[in-house]
There are 4 protein chains.
Amino acid sequence: MPPLNEEQLDQLRDERREQIKYAALRVFACYGLCGTKMSMIACEAGVSQGLSYRYFKSKDELFVELIEEAMREALEAVKYVSEQPGTPTELMAMITEGMLEENNKYYFMLVQQARTSENMPERVKQIFEQYSNQAIIDQLVSIFIKGQDAGEFIAGDPQQLLFWYFALISGLMLQVQESDGYGLPNATFLMRVLLK
Amino acid sequence: MPPLNEEQLDQLRDERREQIKYAALRVFACYGLCGTKMSMIACEAGVSQGLSYRYFKSKDELFVELIEEAMREALEAVKYVSEQPGTPTELMAMITEGMLEENNKYYFMLVQQARTSENMPERVKQIFEQYSNQAIIDQLVSIFIKGQDAGEFIAGDPQQLLFWYFALISGLMLQVQESDGYGLPNATFLMRVLLK
Amino acid sequence: MPPLNEEQLDQLRDERREQIKYAALRVFACYGLCGTKMSMIACEAGVSQGLSYRYFKSKDELFVELIEEAMREALEAVKYVSEQPGTPTELMAMITEGMLEENNKYYFMLVQQARTSENMPERVKQIFEQYSNQAIIDQLVSIFIKGQDAGEFIAGDPQQLLFWYFALISGLMLQVQESDGYGLPNATFLMRVLLK
Amino acid sequence: MPPLNEEQLDQLRDERREQIKYAALRVFACYGLCGTKMSMIACEAGVSQGLSYRYFKSKDELFVELIEEAMREALEAVKYVSEQPGTPTELMAMITEGMLEENNKYYFMLVQQARTSENMPERVKQIFEQYSNQAIIDQLVSIFIKGQDAGEFIAGDPQQLLFWYFALISGLMLQVQESDGYGLPNATFLMRVLLK
DNA sequence: GATGAATGAGCTTTCATTCAT
DNA sequence: AATGAATGAAAGCTCATTCAT
């Protein structure tokens with residue numbers, strides 16, 4: 001007779017899994033894949049070293065799962081906003097603000113760690129190909145063109161301008177550490193590069 | 001009899017040192033400090049594994065020397081420009097263009113690798129404290145204020161705006177990989193965030 | 001009120017113990033002591049991982065108990081046969097047939113796994129010393145000598161010949177896997193080495 | 001300028017490789033694949049733990065290479081003998097004696113370790129399929145049939161009888177440890193099972 | 001000076017064993 | 001009594017660094 005029923009166990013397992021996963025996010029984001037030791041994750045999560053391997057097959061797999069989640073949620077956020085009412089400028093501002101939110105920071109750092117390292121697991125490269133340029137930017141191209149037509153945005157290839165815009169923001173978020181004391185700028189500042 | 005005199009030997013030695021150092025730059029830039037194996041550097045430089053240790057005490061020291069060089073040259077470049085004649089906008093454009101130059105890319109990537117990893121040698125942190133915020137930005141504050149006074153630049157804390165500006169550019173340079181096919185924007189695009 | 005009395009509980013306990021023990025036999029026989037994980041035994045027995053430790057102190061102890069049983073039963077079988085009536089050849093054939101019986105296979109494999117590995121628990125080595133050469137073979141020496149005197153068996157040191165004979169059979173049983181499709185030979189074939 | 005020329009280095013490497021390989025043979029033969037720690041091999045070879053990995057990718061690969069060598073040489077030995085002149089009985093005796101030679105012992109033990117364990121690397125299973133039953137036995141079938149026709153060998157399926165014969169010998173070699181004090185029988189004893 | 005073989009500390013991963021429920 | 005989550009010691013493997021040549 002098991003002490004807990006199946007459902008309770010499942011819930012417990014899910015909680016543990018998340019606990020380890022988000023500890024890993026924080027550590028990977030700061031130290032990168034190869035700079036992170038499994039012991040650091042275990043320590044951050046407050047569990048033993050071995051336990052992580054009951055929930056994730058390997059360090060790489062744990063990293064990949066986080067990358068996948070980051071990209072999936074980024075895409076969903078952009079999709080959601082692009083379906084809202086508002087002028088192109090308003091929508092763009094919403095997306096920009098969403099990106100700048102504090103609790104997105106770890107995900108941005110994680111993705112940056114992955115993008116700036118050559119020796120990533122094959123699966124990470126695949127995910128980037130699948131999501132990065134295509135999907136996310138494509139969601140916004142039509143909005144951007146509307147904004148250009150409305151005279152709100154500067155002229156130029158929408159794909160390219162959007163790519164640069166996200167690169168700027170992603171890069172910015174990484175540079176900005178609490179220690180610098182400058183904090184993140186608001187959306188208005190950043191949008192100046194796009195607005196006429 | 002020795003085939004080369006002392007001076008020639010010294011020069012040869014220096015060349016070898018540079019050869020290894022710039023191989024290390026390229027590899028560190030792509031893979032980060034802990035993602036780089038000494039064997040990768042030796043391979044890139046076309047020398048044996050052991051040789052690096054005749055010129056650099058350790059992997060960390062080699063990395064530190066590159067970081068130091070990167071920061072020193074960045075500061076000098078900014079200093080040089082700030083002493084040139086021209087309007088604040090023109091000077092700022094010069095600096096921006098200098099940063100975007102292709103052959104600065106590896107240094108930017110290297111510095112970014114160092115800035116986004118927590119587990120850097122103590123010396124790297126010192127160098128960042130010494131150079132980054134203070135020195136480089138301080139060089140430009142007076143120019144920036146002149147620009148604000150002349151109505152060329154937007155209002156706001158010059159230190160903070162310049163910090164963000166450099167963070168944007170640094171981040172952008174890392175995001176942009178040849179593979180993306182978008183290339184780097186020109187200075188005009190970036191300067192929109194600062195210009196009125 | 002307890003649904004079962006003391007005696008019934010004891011019986012249940014014994015059954016569980018046997019269930020785990022014979023699952024362990026099948027797994028140890030195929031994978032060896034160190035090739036077997038406790039989880040494999042638990043899985044084969046259809047119980048949870050932790051349960052084995054209520055019945056056996058450790059993996060080693062479980063292995064040792066099986067080895068002990070194997071040797072004890074082998075000795076008893078030989079003893080039993082050696083007390084039966086019949087010519088030496090007939091008795092030897094009975095023993096040989098007994099060894100070749102299918103349901104002895106796992107025990108033979110287990111013992112072979114133990115004999116061909118150096119890193120066995122001390123207790124296993126003791127059991128081998130206690131049983132193997134002395135006891136079992138000694139039971140048969142008198143029969144063998146009778147057979148030699150009767151001109152049925154070949155000449156030679158009875159201890160040595162019997163040792164070789166059992167080694168041959170033990171080895172054979174292990175080599176023969178179902179997958180080979182050859183099956184086991186009958187006693188007549190094997191006894192040719194001993195018979196004149 | 002390398003201190004040794006290419007040829008000398010190659011030779012040195014080959015020697016080291018063999019040194020590690022044969023140390024591994026002795027240890028694997030006694031302890032099996034999973035009972036052997038890389039540290040045991042390193043110790044037996046008198047080198048450091050890490051060195052083995054310069055010559056062999058992994059523990060498994062080292063094991064596989066030894067198995068492959070064992071099977072290849074066994075096949076070659078049998079091939080060689082089968083091409084010699086002599087009666088079938090004489091040839092069979094040569095093969096038997098070859099198998100019983102002391103310095104084959106480790107290879108036999110190794111192969112036995114592999115055959116009696118289920119959890120072998122996939123490659124080991126392939127090698128066994130490739131060599132074991134087919135190749136080696138097939139070499140001898142024609143000799144055996146000649147022997148049967150000449151009235152030297154007992155009647156029966158040659159494949160099956162040869163398989164059993166080799167199984168007997170292989171098994172025997174494993175059972176026989178120096179500690180037993182009985183030594184190995186000579187070929188004449190073993191061939192009794194086949195001879196009329 | 002130059003090479004690359006050799007070392008060993010340290011990291012990833014596994015698994016016997018324990019423990020909360 | 002039974003479960004399976006949790007632990008941590010130990011094994012496989014990597015790689016910065018040293019050393020013989």
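Checking side-chain atoms of A:Lys59 against main-chain N and O of A:Thr36 turns up a donor-acceptor pair under 3.5 Å. A donor-acceptor pair under 3.5 Å is absent between the side-chain atoms of C:Glu118 and the main chain of D:Tyr31, judged by distance alone.
One can place CD of D:Gln11 at 15 Å from P of F:dT21, the figure rounded to the nearest angstrom. If you measure from atom CG of D:Asp10 to atom P of E:dT3, you get 17 Å, rounded to the nearest angstrom. Taking atom CD of B:Glu61 as the reference point, atom C1' of F:dA16 lies 14 Å away to the nearest angstrom. Rounded to an integer number of Å, the gap from CZ of C:Arg17 to P of F:dA1 is 13 Å. Rounding to whole angstrom units, CG of residue B:Leu12 and C1' of E:dG1 are separated by 10 Å.
Using a cutoff of 4.0 Å between basic side-chain nitrogens and carboxylate oxygens, A:Asp10 and A:Arg13 are scored as salt-bridged.
At a non-hydrogen distance threshold of 4.0 Å, nothing from residues 19-28 of chain B comes into contact with DNA chain E. Near DNA chain E, meaning a heavy atom under 4.0 Å away, the residues from residues 29-58 of chain D are D:Val47, D:Ser48, D:Gly50, D:Leu51, D:Arg54, D:Tyr55.
Comparing F:dG4, E:dT13, E:dA5 against the side chain of D:Arg13 picks out E:dA5 as the nearest.
B:Glu7 and B:Gln11 form no side-chain donor-acceptor contact under 3.5 Å, judged by distance and modelled atom types alone. Side-chain atoms of A:Tyr22 and A:Glu44 include no donor-acceptor pair closer than 3.5 Å. For A:Glu69 and A:Tyr107, the side-chain atoms include at least one donor-acceptor pair closer than 3.5 Å.
Nearer the 5' end of DNA chain E, as judged by each residue's closest nucleotide, is the contact made by A:Lys59, out of C:Lys59 and A:Lys59.
Of the options D:Glu68, D:Glu65, D:Glu61, a salt bridge (Lys or Arg N to Asp or Glu O under 4.0 Å) to D:Lys21 is made by D:Glu65 and by none of the others.
With a cut-off of 3.5 Å on both pairing distances, the Watson-Crick or G-U wobble partner of F:dT14 is E:dA9. Taking a pair to require two hydrogen-bonding distances under 3.5 Å in either a Watson-Crick or a G-U wobble arrangement, F:dA20 pairs with E:dT3.
By the neighbour-count criterion of 12 heavy atoms within 6.0 Å, atom NZ of B:Lys125 is densely surrounded, having more than that number from other residues, nucleotides or ligands.
Relative to the ring axis of C:Phe128, C:Arg115 places its NZ or CZ within 45° and under 6.0 Å from the centre.
The side chain of A:Arg16 contributes an N or O atom lying less than 4.0 Å from OP1 or OP2 of F:dA6.
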